[in-house]
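Since the structure comes first, as structure tokens, the remarks are kept for the end.
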Amino acid sequence: MHPSILPLRAGLALLRVGQSGLPGRAGAALSRAASLRLQRAERPAEAAIDALRTRLRQSADTVEVVDYGAGTRGDKPPVRKVADIYRRAATGAAWGRFLFGLARELRPARVLELGTNLGVGAAHLAAALALNEADGGPETRLVTLEGAPALAALAAGHLARLGHGVSDDPECRVRVVVGPFAETLPGVAEAEGPFDLVFVDGHHEAGAALRYLDVLRPHLADGALIVLDDVEPGRPVREAFEQLRAEAPSAYAGKYGLLVHTAAPGPDSRREGAPAPAARESVPPPTSAGDA
Ligand SMILES: C[S@@+](CC[C@H](N)C(=O)[O-])C[C@H]1O[C@@H](n2cnc3c(N)ncnc32)[C@H](O)[C@@H]1O
């Protein structure tokens with residue numbers, strides 16, 4: 001077991017996050033994800049991702065990165081070490097396992113990720129989708145958006161090496177779309193929605209998160225689960241999450257804020273001035289080493 005799994009498991013158990021009151025399948029998905037447990041058939045896929053993590057951690061390669069300046073810390077050069085990007089920005093092992101569990105239980109047909117980076121979070125999501133299909137579930141699709149072309153190319157390679165077909169071909173499970181979210185998201189949402197699961201893990205600013213969700217709202221399936229990264233106290237996305245909680249059932253799961261989209265919102269559900277619906281607030285657990 002990856003060493004970061006244990007502290008996260010302890011933190012999530014303390015939170016009793018699985019009993020957060022999220023409705024329907026989202027609640028069941030959160031319970032499954034919070035357990036961080038794997039079934040026997042799931043272990044090979046997660047072991048392959050662990051091997052990818054080891055390669056990235058030890059990589060001596062560099063990559064040119066277009067910096068969108070959002071949620072970054074300090075000045076960073078345009079050419080960076082892959083190992084540094086992995087350490088600073090990629091989803092850590094424990095949180096990757098959490099995403100995997102969410103997607104396994106929720107069984108989404110359409111998944112969207114904002115912020116591909118090196119493809120690590122996408123690898124966990126794609127692994128879950130592949131297993132869901134192998135279990136007899138419907139055809140699935142993961143679309144992941146990345147602004148830095150060289151990162152997108154690296155990620156596509158990582159995902160292909162893990163056995164996920166990556167291209168524009170509808171037969172392929174994964175599609176990596178290159179460009180600023182503001183430019184790519186509207187077309188992707190129109191063409192690829194409605195989404196059942198959305199992972200917002202890029203451009204970590206409150207206004208940006210709210211804008212992206214406004215674009216996405218008409219393209220969300222009823223009961224869709226939205227996972228916002230970086231909602232710890234004091235982080236910019238926390239403010240967006242606090243506003244969004246006024247219009248949707250929600251739960252905190254450590255650094256992730258979860259929201260359930262319902263297709264027919266009631267009259268009180270407008271963002272401004274609306275009272276927050278009943279949703280249990282949790283104190284975030286300590287994040288594990290290596291999580292970004
Ligand atoms: C935290 S990393 C994503 C990590 C990844 N989701 C994972 O699970 O490993 C955020 C990524 O979003 C990209 N990004 C940030 N702002 C963006 C924007 N406005 N448009 C496109 N990509 C953006 C960055 O280049 C970076 O690779």
Side-chain angles (χ1 to χ4, degrees), residues 4 33 46 49-50 52-53 55-57 63-73 76-103 111-128 142-159 162 164 174 176-189 197-213 215-216 226-232 235-237 240 254-256 287-288 290-292:
S4 68
E46 285 283 306
I49 299 172
D50 278 347
L52 168 66
R53 290 181 178 283
R55 284 205 309 280
L56 294 174
R57 207 179 293 120
V63 61
E64 198 166 309
V65 174
V66 179
D67 198 336
Y68 287 89
T72 54
R73 299 162 199 132
K76 289 191 271 180
V79 174
R80 294 186 208 140
K81 288 184 179 167
V82 168
D84 288 346
I85 294 173
Y86 170 74
R87 188 172 45 79
R88 294 175 71 146
T91 292
W95 291 110
R97 178 78 63 83
F98 184 88
L99 292 173
F100 175 86
L102 277 185
V111 181
L112 174 69
E113 178 186 49
L114 273 71
T116 317
N117 196 248
L118 294 164
V120 174
H124 286 278
L125 291 167
L142 165 66
V143 185
T144 174
L145 314 186
E146 173 55 53
L151 280 179
L154 272 182
H158 298 150
L159 291 160
L162 288 167
H164 306 296
V174 182
V176 183
V177 177
V178 185
F181 300 149
E183 290 174 19
T184 56
L185 184 60
V188 164
L197 175 62
V198 177
F199 178 35
V200 182
D201 188 17
H203 202 164
H204 297 278
E205 289 176 351
L210 293 172
R211 280 195 304 279
Y212 298 142
L213 284 171
V215 171
L216 273 172
I226 297 136
V227 181
L228 283 181
D229 182 54
D230 234 8
V231 301
E232 299 101 319
R235 306 288 292 176
V237 183
K255 71 190 202 115
Y256 291 158
T287 54
S288 46
D291 290 348

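Just follow the structure's listing: the first ligand is 1, and inside any ligand the first atom is 1.
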### Query
Purely on distance, is any nitrogen or oxygen of N117 under 3.5 Å from one on ligand 1?
yes
#### Entry: Y86, W95, F181: member with heavy atom nearest to atom 18 (C) of ligand 1
F181
### Task
Answer side chain, backbone, both or neither: which part of Y212 comes under 4.0 Å from ligand 1, heavy atoms only.
side chain
### Query
Which heavy atom in A127 sits nearest to a heavy atom in I49, and how many Å separate them?
CB-CD1, 4.2 Å
### Query
Which ligand 1 atoms does P180 reach within 4.0 Å, using its non-hydrogen atoms?
20 (N), 21 (C)
### Query
Checking R53 side chain against Y86 main chain: does a donor-acceptor pair fall under 3.5 Å?
no
### Query
Looking at L159 and A122, what are the two nearest heavy atoms and their distance?
CD2-C, 3.8 Å
### Task
Might you point out which heavy atoms bring H164 and V174 nearest each other, and give the distance in Å?
CB-CG2, 3.9 Å
## Note on the structure
Quick note on ligand 1: atoms under 4.0 Å from a heavy atom of L151 include exactly 27 (O)
### Query
What are the two closest non-hydrogen atoms of P236 and A206, and how far apart are they?
O-CB, 3.3 Å
### Query
For ligand 1, is T116 a contact, meaning one of its heavy atoms is under 4.0 Å away?
yes
### Task
Number the atoms of ligand 1 from 1 as they appear, then name those within less than 4.0 Å of a heavy atom of G147, with their elements.
21 (C), 22 (N)
### Contact partition for L114 relative to ligand 1, non-hydrogen atoms under 4.0 Å
neither
### Task
Give the atoms of ligand 1, by number and element, whose distance to some non-hydrogen atom of G115 is under 4.0 Å.
3 (C), 4 (C), 5 (C), 6 (N), 11 (C), 12 (O)
### Message
Using heavy atoms and a 4.0 Å limit, tell me yes or no: is G96 in contact with ligand 1?
### Response
no
### Query
Where is the tightest heavy-atom contact between A152 and V178, given as atom of each residue plus distance?
CB-CG2, 3.6 Å
### Message
I'd like to check the side-chain contact (heavy atoms from CB on, under 4.5 Å) partners of P186; sequence neighbours left out, ordered by chain and number.
### Response
V215
#### Entry: Proximal atoms of ligand 1 relative to G121 (non-hydrogen, under 4.0 Å)
7 (C), 8 (O), 9 (O)
### Sidechain-backbone polar pair: E64 side chain, P78 backbone, donor-acceptor under 3.5 Å
no
#### Entry: Contact atoms of ligand 1, heavy-atom distance to G179 under 4.0 Å
21 (C)
#### Entry: Nearest neighbour of atom 4 (C) of ligand 1 from the list D201, D229, V177, on a heavy-atom basis
D201
### Task
Working to the nearest 0.5 Å, report the span between CG of D201 and CG of L99.
8.0 Å
#### Entry: Atoms of ligand 1 close to G202 [distance to a heavy atom under 4.0 angstrom, numbered from 1]
10 (C), 12 (O)
### Task
Can you sort out the partners of Y212 under ring-ring contact (aromatic ring centres under 6.0 Å, His included), two or more places apart, ordered by chain and number?
F181, H203
### Task
Check each atom of ligand 1 against the heavy atoms of E113 and keep those under 4.0 Å away; list them by number with element.
5 (C), 6 (N), 8 (O)
